[in-house]
Amino acid sequence: MLNVDELKATGLSVQYYLVCHRKLWLSTHQIQFEQDSDRVLEGKVLHEQTYNKHGNKEVLIDNLIKIDLFGDYVGEVKSSSRMQQSDRMQLLYYLYVLKQAGINKVGKLHYPKEKKVEEVHLTDAAVKEVEKVLIGIQVVKDKSTPPPLIKLPYCSKCAYYSFCWVGEVD
């Protein structure tokens, strides 16, 4: 296993890496737009209003990862399953960090608006996927300039849309 302390990836970095390398680079270089995003606010409200009876909600570990639900399993709450691959990898990363601390758990992705739950297991193949992503994150973070613009289907819903596409015509 890699030394996670050396790589210093957050769960959000893992998600951004799979969604958009430019977004990852901007976020890790302190160019933040999430605080002004209605979608981000919607996610925060959803998180605050769901699973309130769960004992351990929002557990911060090593000032690195913030787990939505922690107990018999590790849970991650998302507003929709549209980014399921990045959601899954974020949860696998949490399981990976916990495994390094000697804690073996099963993960569950919760999509309360869709009434959907997906169980996630950290297999040997998943460990390799996580490590590949962590190395990729470091490569993106170390670049001196942001990755080039790439128009993706979900760009218009991104908190960075105006920053990236100002002056562009759809």
Side-chain angles (χ1 to χ4, degrees), residues 4 6-52 57-69 74-97 107-118 120 129-170:
V4 175
E6 287 179 16
L7 296 176
K8 299 284 184 194
T10 64
L12 199 57
S13 293
V14 170
Q15 182 146 77
Y16 284 1
Y17 176 77
L18 292 168
V19 171
C20 174
H21 290 185
R22 184 176 173 86
K23 184 176 185 175
L24 168 65
W25 190 94
L26 292 169
S27 175
T28 58
H29 288 81
Q30 307 307 314
I31 301 170
Q32 307 283 323
F33 290 95
E34 290 92 348
Q35 70 276 7
D36 299 327
S37 169
D38 290 342
R39 297 185 135 270
V40 173
L41 179 61
E42 178 186 341
K44 286 181 181 176
V45 170
L46 177 70
H47 178 74
E48 289 171 7
Q49 294 179 346
T50 57
Y51 303 100
N52 289 327
K57 194 171 169 183
E58 253 193 43
V59 176
L60 181 65
I61 297 179
D62 289 340
N63 216 17
L64 187 64
I65 61 172
K66 190 184 297 182
I67 296 173
D68 289 344
L69 306 170
V74 174
E76 180 65 18
V77 179
K78 297 294 184 183
S79 60
S80 92
S81 60
R82 282 175 278 173
M83 301 291 187
Q84 198 165 10
Q85 180 192 5
S86 59
D87 299 342
R88 181 182 160 276
M89 186 57 65
Q90 182 179 2
L91 184 53
L92 284 171
Y93 176 59
Y94 294 166
L95 297 173
Y96 178 89
V97 171
K108 289 185 181 179
L109 282 171
H110 294 268
Y111 301 101
K113 288 169 54 179
E114 300 171 8
K115 299 184 185 328
K116 182 177 168 185
V117 177
E118 178 192 347
V120 175
E129 282 182 75
V130 170
E131 290 175 346
K132 186 176 174 184
V133 167
L134 292 174
I135 292 166
I137 288 170
Q138 197 60 46
V139 168
V140 172
K141 287 169 66 174
D142 289 346
K143 290 182 181 220
S144 60
T145 58
L149 288 169
I150 297 173
K151 189 74 167 183
L152 300 167
Y154 40 83
C155 279
S156 64
K157 297 181 178 147
C158 176
Y160 291 86
Y161 180 76
S162 294
F163 178 81
C164 290
W165 297 103
V166 65
E168 298 291 325
V169 178
D170 284 330

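Every value quoted in this text rests on a predicted model; they were computed, and no experiment measured them.
- Between the side chain of Arg22 and the main chain of Pro147, a donor-acceptor pair closer than 3.5 Å is present.
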message = Apply side-chain contact (heavy atoms from CB on, under 4.5 Å) to residues Gln84 and Lys116 and explain how you reach the verdict.
response = CA-CA 12 Å; Gln84 198 165 10; Lys116 182 177 168 185; 3.6 Å; yes

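- Listed here is the closest heavy atom pair of Val133 and Val14: CG1-CG1, 4.2 Å.
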query = Which is it for Asp87 and Tyr111 under the side-chain contact (heavy atoms from CB on, under 4.5 Å) test, yes or no, and what are the steps along the way?
reply = CA-CA 10 Å; Asp87 299 342; Tyr111 301 101; 2.9 Å; yes

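- Side-chain contact between Leu69 and Lys57 is present, with heavy atoms from C-beta onward closer than 4.5 Å.
- Using a 4.5 Å cut-off on side-chain heavy atoms (C-beta onward), Tyr93 and Leu134 make contact.
- Under the rule for a side-chain contact (heavy atoms from CB on, under 4.5 Å), the partners of Ser80 that lie at least two apart in sequence or sit in another chain are Arg82, Glu114.
- Taking the side chain as every heavy atom from C-beta outward, Arg88 and Glu129 approach each other to under 4.5 Å.
- Using a 4.5 Å heavy-atom threshold, the side chains of Leu26 and Cys164 count as touching.
- Rounding to the nearest 0.5 angstrom, the gap separating the CG atom in Asp68 from the CD atom in Glu76 is 4.0 Å.
- Judged by distance alone, with hydrogens and angles left aside, the side-chain atoms of Thr28 form a donor-acceptor pair with the main-chain N or O of Leu24 at under 3.5 Å.
- Applying the 6.0 Å contact sphere to CG of Asn63 captures no more than 12 heavy atoms from other residues, nucleotides or ligands.
- Looking at Ile31 and Trp25, their side chains come closer than 4.5 Å, going by heavy atoms from C-beta outward.
- Looking at heavy atoms from C-beta onward, Lys78 lies in side-chain contact with Gln90 at the 4.5 angstrom threshold.
- Looking at Tyr154 and Val19, their side chains come closer than 4.5 Å, going by heavy atoms from C-beta outward.
- A cation-pi arrangement is not found for Lys23 relative to Tyr160, the charged atom failing to lie both closer than 6.0 Å to the ring centre and inside a 45° cone about the ring normal.
- In this structure, the separation between OG on Ser86 and OH on Tyr16 is 10.5 Å, given to the nearest 0.5 Å.
- Note that the CD1 atom of Ile137 and the NZ atom of Lys132 stand 13.0 Å from one another [nearest 0.5 Å].
- Remark: Lys108 pairs with Tyr73, His110, Val117, Glu119 by the side-chain contact (heavy atoms from CB on, under 4.5 Å) rule, at least two apart or across chains.
- The distance from the CG atom of Leu152 to the OH atom of Tyr161 is 12.0 Å, given to the nearest 0.5 Å.
- Separation of atoms OG1 (Thr10) and CG (Asp62) is listed at 13.5 Å; rounding is to 0.5 Å.
- To the nearest 0.5 Å, atoms CG (Leu149) and SG (Cys20) are separated by 8.5 Å.
- In this view, Lys113 and Glu42 satisfy the side chain to side chain donor-acceptor pair (under 3.5 Å) rule, not counting sequence neighbours.
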